[in-house]
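Take a look at the structure below.
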Amino acid sequence: MIQEALKEIKRGCAELIDNEYVEKLLKAYFDEGKTYTVKAGFDPTAPDLHLGHTVLLQKLATFQKYGARVQFLIGDFTATIGDPTGKSATRKVLTQDEIKKNISSYTSQAFKILDESKTDIVYNNDWLEKLGAAGMLRLASNLTVARMLERDDFSKRFASNTPIAVSEFMYPLLQGYDSVHLQSDIEIGGTDQKFNLLMGRQLQKLYGLKKQQAVLMMPILEGLDGVQKMSKSLGNYIGVTEEANTMFAKVLSISDDLMWRYYELLSTKSLEDIEKLQEGVKDGSLHPKKVKEELALEITERFHSHEAALAAQAEFEKVHAKSQIPTDIEEFECDGEIWIAKALVDCKIEPSTSQARRDIKQGAVKVNQEKISDMQLQLGAGEYILQVGKRKFAKLKVK
RNA sequence: GGUGAGAUAGUCAAGUGGCCAACGACGGCAGACUGUAAAUCUGCUCCCUAUGGGUUCGCAGGUUCGACUCCUGCUCUCACCA
C-alpha cells in the first residue's frame with residue numbers, strides 16, 4: 001500500500017530528497033490516519049496558469065489522495081522581489097495591486113485539479129512583512145555570497161556580465177523561510193527550484209525545527225517548441241483557461257518526441273500503457289497522430305468536458321484534414337469599400353499593412369477560400385471569409 | 001569615489017563619416033512536402049496604398065552638405081582599483 005502510493009508519488013519526478021521521511025509520513029497516514037503538509041509556492045506574476053504549472057498541481061493532487069494537506073503558497077511578498085530562477089535578466093517588480101488582481105483567477109484555476117477541502121491557501125506576505133529589517137538581516141546572515149553564487153543561474157549571469165540585484169539574493173532565503181514558518185513536511189517544485197527548495201531544509205534546521213522538509217522536484221515541462229520551458233512570456237504555452245478547440249489544436253501541434261514527454265508528465269495513463277503506445281508507434285501498428293490525438297483529448301477533457309473535447313477533435317478534423325472553414329470565426333464589419341490589406345489588419349489577422357502585403361505576395365492570403373495575388377484588391381459590399389496562412393481566419397461584412 | 005570597457009531591430013551580434021532600414025546567426029511568419037509533427041528546400045521578417053515616403057542604432061544636445069559611426073552632457077551595465 002505504502003509502496004504503491006510512493007510509486008505514484010514518484011512518477012515522473014526528477015529527484016526526491018529524503019525518501020525515508022516521505023515513507024514515514026505515508027506510513028503514519030495509512031496506520032494512524034495522520035495527515036502531513038505539502039507546500040508548493042506559486043508566483044502571482046501572471047494571472048493564467050498553463051500546463052507547466054499543472055505538472056506540479058497534479059502531483060499535489062496525488063499527495064492529497066494519500067493524506068496530504070496542501071499548503072498552496074501565494075508568493076505575494078516574494079513576487080515584489082522577483083524570482084531570479086531561469087531569468088537572464090532582473091525581473092520587473094509587480095505592484096501590490098497587480099498581484100491582488102492575479103490571485104483570485106489563479107486559485108480558481110488551480111481548483112480544477114486540486115481538492116479544495118484539502119488545501120490551505122496561504123500568503124507569504126502575512127509573515128514576511130512582519131519579519132522586519134532585523135529578521136531579514138538575521139535571515140541573510142545564514143548565507144554567504146560564495147554559497148549564493150554557487151547557484152547556477154547566478155553564476156551564469158555573473159559570468160556573462162548580466163546584472164544581479166542584491167534583492168534577488170533574498171529570494172531563496174525568503175522562500176526557505178516560508179518553509180520554516182509553515183513547518184512544511186514536504187515541498188515540491190521544479191528542478192530549477194532546487195537551490196530554493198534545499199534552502200528550506202537548511203533554514204528549518206538553523207531555526208531549530210525537528211524535521212526538515214523532504215523535497216520533490218519535478219522536471220520542467222517544455223513548451224510547444226520543445227526546447228524552452230513552457231512560459232507565458234515565450235508564448236509557447238497551453239493555458240488552462242483556453243478554449244477547447246485551441247487547446248486541442250495546440251497539443252496536436254507539438255512534435256512527436258515532445259508528445260512522450262507530455263504523456264509522462266501530464267497524462268494520467270499508467271506508465272505501462274504509455275510504453276505500449278510507444279511500442280505501437282515504433283512497430284508501425286499505431287499512427288503517431290492517433291496517439292497524439294488521444295493525448296489531446298485527455299488534456300482537453302480535463303479542463304473542459306468529454307463532449308467539448310470530442311467537439312474540438314471534430315472541428316480540428318474539419319478545418320485541417322478537410323480544409324474547411326472553422327465553425328466559429330470572429331466577425332467584423334466595415335462601411336464601404338475596403339482595401340484588402342487594410343481589411344486584414346482591421347480583422348486583426350495581420351499586424352500591419354506591410355506584413356499583409358508581404359503575405360499576399362507570397363500567396364498566403366485567401367478570400368473565400370480563393371488564393372489572391374492582387375495587392376490592390378478592393379472589397380466591395382458583401383460578406384467575405386478572410387484567411388492568412390493555415391490558422392488565421394476572420395469574417396468581414398462590408399456594407 | 002577613481003580608471004577602463006560597453007549600450008545596435010524579438011534575442012545574439014557585425015558595422016566605426018556617405019555604398020545603412022543597417023552583414024550574419026537564432027527565433028518568428030509564409031510557401032512546397034506532410035500528419036497544422038519532425039526533417040528538408042524557398043521566400044519574408046520597422047512603419048506607411050509603396051519602383052516612392054517616413055521613423056530607427058541607450059537618452060539629450062552639438063559638429064558636418066551628410067552621423068549607427070566624431071564631440072559634449074546624462075542614464076544604465078560590466079570589470080579593475082578604493
Side-chain angles (χ1 to χ4, degrees), chain A residues 86-92 149 154-166 168 222-229 231-238 245-263 277-278 280-282 284 286-297 300 312-326 334 336-346 348-366 370-379 386-393:
Chain A
K87 298 289 184 299
S88 50
T90 309
R91 188 161 77 187
K92 73 161 195 229
L149 280 173
F154 281 147
S155 60
K156 268 188 196 142
R157 278 162 64 184
F158 195 69
S160 66
N161 294 350
T162 12
I164 303 171
V166 172
E168 291 182 74
E222 290 84 354
L224 300 175
D225 54 44
V227 181
Q228 292 189 273
K229 79 177 208 179
S231 86
K232 185 156 189 181
S233 52
L234 292 172
N236 61 357
Y237 69 103
I238 301 178
N245 286 346
T246 320
M247 214 177 243
F248 188 90
K250 279 189 176 178
V251 175
L252 226 57
S253 80
I254 65 174
S255 78
D256 291 358
D257 288 340
L258 189 59
M259 161 170 82
W260 299 117
R261 184 81 170 148
Y262 277 34
Y263 256 115
L277 290 175
Q278 230 158 347
V281 169
K282 220 182 214 170
L286 276 172
H287 194 292
K289 195 191 172 198
K290 280 271 165 275
V291 181
K292 210 181 287 174
E293 274 180 333
E294 231 174 282
L295 177 69
L297 277 175
T300 309
Q313 185 182 26
E315 176 77 6
F316 185 89
E317 276 303 303
K318 181 183 159 195
V319 177
H320 300 289
K322 299 176 189 154
S323 59
Q324 291 173 352
I325 304 297
C334 76
E337 211 179 56
I338 185 164
W339 177 41
I340 179 68
K342 190 100 181 64
L344 293 169
V345 174
D346 285 353
K348 295 179 189 152
I349 51 180
E350 284 286 22
S352 68
T353 57
S354 297
Q355 183 63 44
R357 281 162 165 275
R358 281 179 221 123
D359 283 337
I360 292 169
K361 205 161 142 195
Q362 294 195 110
V365 176
K366 287 182 185 169
E370 296 277 340
K371 199 177 275 187
I372 60 158
S373 53
D374 179 9
M375 204 95 79
Q376 299 303 327
L377 185 69
Q378 299 291 327
L379 300 177
L386 306 177
Q387 182 181 357
V388 177
K390 288 172 195 155
R391 311 172 193 212
K392 282 171 283 182
F393 294 89

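Every chain is numbered from 1, with letters handed out A, B, ... down the list of sequences.
Spacing between B:rU8 and B:rA60 at atom P, rounded to whole Å, works out to 16 Å. When the C1' atom is compared between B:rU77 and B:rC70, the two are found 24 Å apart, to the nearest whole Å. Annotation: B:rC33 and B:rC41 have their C1' atoms spaced 9 Å apart (nearest Å). Straight-line distance between the C1' atoms of B:rA67 and B:rG61: roughly 14 Å, to the nearest whole Å. The gap from the C1' atom of B:rU69 to that of B:rA22 amounts to 12 Å, rounded to the nearest Å. For the P atom pair drawn from B:rA82 and B:rG10, the interatomic distance equals 41 Å after rounding to whole Å. Rounded to whole Å, the C1' atom of B:rU63 lies 31 Å from the corresponding atom of B:rG52. To the nearest whole angstrom, the two C1' atoms, one in B:rC65 and one in B:rC59, are 26 Å apart.
In textbook terms, a nucleotide whose glycosidic angle is within 90° of 0 is syn, while B:rA30, being further out, is anti.
Side chain of A:K390 to backbone of A:H320: no donor-acceptor contact under 3.5 angstrom is found. For A:E294 (side chain) and A:A296 (main-chain N/O), no donor-acceptor pair under 3.5 Å exists by modelled atom type. Panel note: side chain A:K250, backbone A:Y237; a donor-acceptor pair is recorded below 3.5 Å.
Within the shown strands, nothing qualifies as a pairing partner of B:rU51 under the Watson-Crick or G-U definition with both distances less than 3.5 Å. The partner of B:rA13, taking Watson-Crick or G-U wobble pairs whose two distances both stay under 3.5 Å, does not exist in any strand shown. With a cut-off of 3.5 Å on both Watson-Crick or G-U wobble distances, the partner of B:rA7 is given as B:rU75. Nucleotide B:rG1: paired with B:rC81 (Watson-Crick or G-U wobble, both distances less than 3.5 Å). Of all nucleotides present, none satisfies the Watson-Crick or G-U wobble test against B:rU36 with each distance under 3.5 Å. When both pairing distances are held under 3.5 Å, B:rC57 makes no Watson-Crick or G-U pair with any nucleotide shown. Remark: B:rC41 base-pairs with B:rG31; criterion is Watson-Crick or G-U wobble with both hydrogen-bond distances under 3.5 Å.
Here A:S354 lies in heavy-atom contact (under 4.0 Å) with a base. If you check every strand for non-hydrogen atoms under 4.0 Å, A:Q378 touches a base. At a threshold of 4.0 angstrom between heavy atoms, the contacts of A:L258 with the nucleic acid are absent. Among the protein residues, A:R358 comes within range of the sugar-phosphate backbone only, with heavy atoms under 4.0 Å from sugar or phosphate atoms but none that close to a base. Heavy atoms of A:K290 sit nowhere under 4.0 angstrom from any nucleic acid atom. In this structure, A:A341 reaches neither bases nor backbone, as no heavy-atom distance under 4.0 Å exists between it and the strands shown.
With a cutoff of under 4.0 Å to any heavy atom of chain A, the contacted region of RNA chain B is bounded 5' to 3' by B:rA30 to B:rA79.
Heavy-atom contacts from other residues, nucleotides or ligands closer than 6.0 Å to NZ of A:K392 number more than 12. Residue-environment remark: NZ (A:K290) stays at or below the threshold of 12 foreign heavy atoms within 6.0 Å.
The side-chain contact (heavy atoms from CB on, under 4.5 Å) test applied to A:R261 returns A:P219, A:E222, A:L258, A:E264, A:L265, not counting sequence neighbours.
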A:L386 and A:L379: CA distance, side-chain angles, deciding distance, side-chain contact (heavy atoms from CB on, under 4.5 Å) verdict = CA-CA 11 Å; A:L386 306 177; A:L379 300 177; 4.2 Å; yes

Would A:I238 and A:L224 satisfy side-chain contact (heavy atoms from CB on, under 4.5 Å), going step by step from the backbone distance to the final call?
-> CA-CA 8 Å; A:I238 301 178; A:L224 300 175; 3.8 Å; yes

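In this structure, A:K366 is not positioned above the aromatic face of A:F393 in the sense of NZ or CZ being under 6.0 Å from the six-membered ring centre and within 45° of the axis.
Closest-nucleotide positions on RNA chain B for A:K342 and A:Q355 were compared, and the one nearer the 5' end corresponds to A:Q355. Mapping A:Q362 and A:V345 onto RNA chain B by nearest heavy atom places A:Q362 at the nucleotide closer to the 5' end.
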